[in-house]
Protein chains: 2
Amino acid sequence: MAKPVVSEAARRRRRPTRSGTVLSEALIVETALRMLREHGSAGLSARRLGAVLGADPSTLYRYFGGMDELTRAIGEELTGRALDGWRPGGDWRSDLRDLGLRIHRAYLAHPQAAVLTASRVTGRPREIAADEAVLGVLRRAGFPDGAAVRIYHAFIDQSLAFAALDAGSLALAAETREADEGLWETTYAHLPAEAYPHIAATAPLLAARMKDSAYPVALEMLLDSAEGELGRAGG
Amino acid sequence: MAKPVVSEAARRRRRPTRSGTVLSEALIVETALRMLREHGSAGLSARRLGAVLGADPSTLYRYFGGMDELTRAIGEELTGRALDGWRPGGDWRSDLRDLGLRIHRAYLAHPQAAVLTASRVTGRPREIAADEAVLGVLRRAGFPDGAAVRIYHAFIDQSLAFAALDAGSLALAAETREADEGLWETTYAHLPAEAYPHIAATAPLLAARMKDSAYPVALEMLLDSAEGELGRAGG
DNA sequence: GCCTTATGCCAACACCATTGACGTTATCGC
DNA sequence: GCGATAACGTCAATGGTGTTGGCATAAGGC
């Protein structure tokens with residue numbers, strides 16, 4: 001076998017690579033993030049990553065079991081950055097809004113990485129911390145446990161789902177340089193009004209809105225509904 | 001060059017492949033869908049697809065510009081199936097609910113394919129038809145154009161986003177056979193109550209709810225909010 | 001029945017992840 | 001200080017991938 005994959009903590013003998021750099025889990029993940037950002041999600045490969053690090057591709061297998069494990073490590077790094085600095089204020093609605101937007105923003109800061117990792121549920125420490133935070137906000141707001149769990153589930157999955165979706169289109173746009181956004185001005189704007197009357201009637205509005213993420217609107221609608229339920233039930 | 005990619009409509013000289021089958025766009029897409037379902041999202045490759053069809057891999061390039069274009073065709077097929085048989089009834093809310101659940105269901109019927117395609121905006125005919133349908137329901141319900149477009153955007157992106165997210169976990173579960181669902185009974189249920197009081201307090205509720213998709217709840221909340229807005233504005 | 005050309009096939013290229021064997025050298029116990 | 005051990009970087013090779021140019025053939029319009 002070629003892969004005991006010594007844990008990072010037990011790693012002591014750091015030999016510099018042929019080109020002089022000293023490897024580490026953190027350095028590899030960081031470099032991979034930079035490569036994803038600069039060369040797109042297809043630009044990350046063991047060979048290229050090795051080349052950038054000045055190391056043989058096979059060296060990476062001393063640190064990660066495979067590209068899949070590296071991908072999960074990158075995802076961990078992203079979710080970790082999402083919660084950094086968040087503290088609950090007093091208002092449950094703005095707390096949740098802030099949390100949702102933070103998650104969305106953290107993923108979109110690295111679209112190419114997000115699209116690779118966003119759909120993986122890890123169950124790792126920082127993800128659990130986020131879950132606890134959301135549940136806490138809802139229960140303190142006065143939602144009974146059943147409602148709190150239901151709303152929590154919708155909220156967290158909505159955030160992750162939109163993060164992945166928006167990261168996907170952002171990554172695609174950055175890579176192909178051909179504006180998918182322009183699709184609304186070209187294809188959709190010139191559809192025959194008889195066959196597609198509603199699109200034709202709202203084409204300018206569509207063109208203006210489809211450029212941006214729908215997440216803020218969807219999030220606000222979810223909060224609307226929750227607030228309505230809270231008003232009807234408790235106070 | 002090797003790829004004029006004759007359009008399906010202009011295709012007339014159908015020569016049977018060495019193994020006797022006669023190729024077509026539809027047959028290729030259909031076969032690809034079956035392969036994705038049976039062998040997972042990593043099981044689809046030009047070579048394997050060719051082998052199953054009894055054709056040389058390069059033959060596929062007479063029908064699609066590349067694997068990327070094939071992927072988009074698969075996505076188009078999925079969205080098409082979502083709309084099959086849908087007719088608007090009288091009530092806008094149940095119309096939208098039905099449409100949303102159809103999209104979600106159509107994608108989840110082919111999780112491996114959905115995970116490849118759900119984040120691609122194709123701009124192809126059947127996708128446009130779906131957009132037109134949603135906009136029509138909203139405008140007929142009495143929403144002013146601005147609100148209709150805003151709600152349409154949130155609705156369609158939320159449907160696709162959840163479809164992709166849920167398909168991802170479904171595909172992962174099917175491939176690795178290790179139940180992610182059990183995560184809530186194992187990891188989360190045994191967290192220290194001091195550090196994670198809210199998770200601990202709601203653990204049984206969480207375990208029961210996290211197994212299912214949050215999409216129906218999120219959809220209903222979106223519809224709640226829209227109905228509230230309609231009530232306040234027009235009557 | 002001829003001609004054109006669409007279309008299937010072949011061979012080849014460049015890339016990919018992954019692995020096993022091999023040396024070298026950094027660190028630990030003494 | 002010194003030797004031993006094994007961590008870890010490197011090399012070479014395997015079997016996969018998408019994609020392309022050239023070629024032969026048969027299908028269909030005339």
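To find a chain, count down the sequence lines: A is the first, B the second, and so on, and within it residues start at 1.
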Distances under 3.5 Å only, N/O to N/O: pair up the protein atoms with those of nucleotides 14-17 of chain C.
residue, atom, partner, partner atom, Å
dC16(C), OP1, S45(A), OG, 3.0
dA17(C), OP1, A46(A), N, 2.8
dA17(C), OP2, A46(A), N, 2.8
dA17(C), OP2, R47(A), N, 3.4
dA17(C), N7, R47(A), NH1, 2.8
dA17(C), N6, R47(A), NH1, 3.3

Using residues 157-167 of chain A as the side-chain source, report each donor-acceptor pair under 3.5 Å to any protein atom, sequence neighbours left out, with the distance given to one decimal.
residue, atom, partner, partner atom, Å
D157(A), OD2, H153(A), NE2, 3.3
Q158(A), NE2, A218(A), O, 3.3
Q158(A), NE2, Q158(B), OE1, 2.8
S159(A), OG, F155(A), O, 2.9
S159(A), OG, Y215(A), OH, 2.9
D166(A), OD2, H104(A), NE2, 2.7
D166(A), OD2, S213(A), OG, 2.5

>> Can you list everything that forms a side chain to side chain donor-acceptor pair (under 3.5 Å) with R34(A)? Sequence neighbours excluded, please.
In response: none

>> From CZ of R62(A) over to C1' of dC8(D), roughly how many Å is that when rounded to an integer?
In response: 5 Å

>> Rounding to 10°, can you tell me the angle the first-five-pair axis of the helix from dG1(C)-dC30(D) to dC30(C)-dG1(D) makes with its last-five-pair axis?
In response: 30°

>> Heavy atoms within less than 4.0 Å of DNA chain D: which residues of residues 53-60 of chain B have one? Give them sorted by number.
In response: S58(B)

> For T202(A), which residues count as a side-chain contact (heavy atoms from CB on, under 4.5 Å) partner, sequence neighbours excluded?
Replying inline: L206(A), L135(B), R139(B), D145(B), V149(B)

>> List the residues meeting side-chain contact (heavy atoms from CB on, under 4.5 Å) with D98(B), not counting sequence neighbours, and say none if there are none.
In response: W86(B), R102(B)

>> Tell me the closest heavy-atom pair linking L33(B) and A113(B), and the distance in Å.
In response: CD2-CB, 3.6 Å

>> Tell me every residue that passes side chain to side chain donor-acceptor pair (under 3.5 Å) with S58(B), counting only those two or more places apart in sequence or in another chain.
In response: D56(B)

> With sequence neighbours left out, what residues match R37(A) under salt bridge (Lys or Arg N to Asp or Glu O under 4.0 Å)?
Replying inline: none

> Atom CG of L23(A) to atom C1' of dA26(C): distance rounded to whole Å?
Replying inline: 15 Å

>> My understanding is that only residues two or more places apart in sequence, or in another chain, count here; which of them pass side chain to side chain donor-acceptor pair (under 3.5 Å) with R209(A)?
In response: none

> Can you tell me how far C1' of dT19(C) sits from CZ of F64(A), to the nearest Å?
Replying inline: 18 Å

> Of all residues at least two apart in sequence or in a different chain, which pass the side-chain contact (heavy atoms from CB on, under 4.5 Å) check with E132(B)?
Replying inline: Y196(A), P197(A), H198(A), I199(A)

> With sequence neighbours excluded, what pairs up with R48(A) under the side-chain contact (heavy atoms from CB on, under 4.5 Å) test?
Replying inline: M35(A), H39(A), S45(A)

>> Measure CE/M35(B) against C1'/dT17(D) and give the value in whole Å, please.
In response: 13 Å

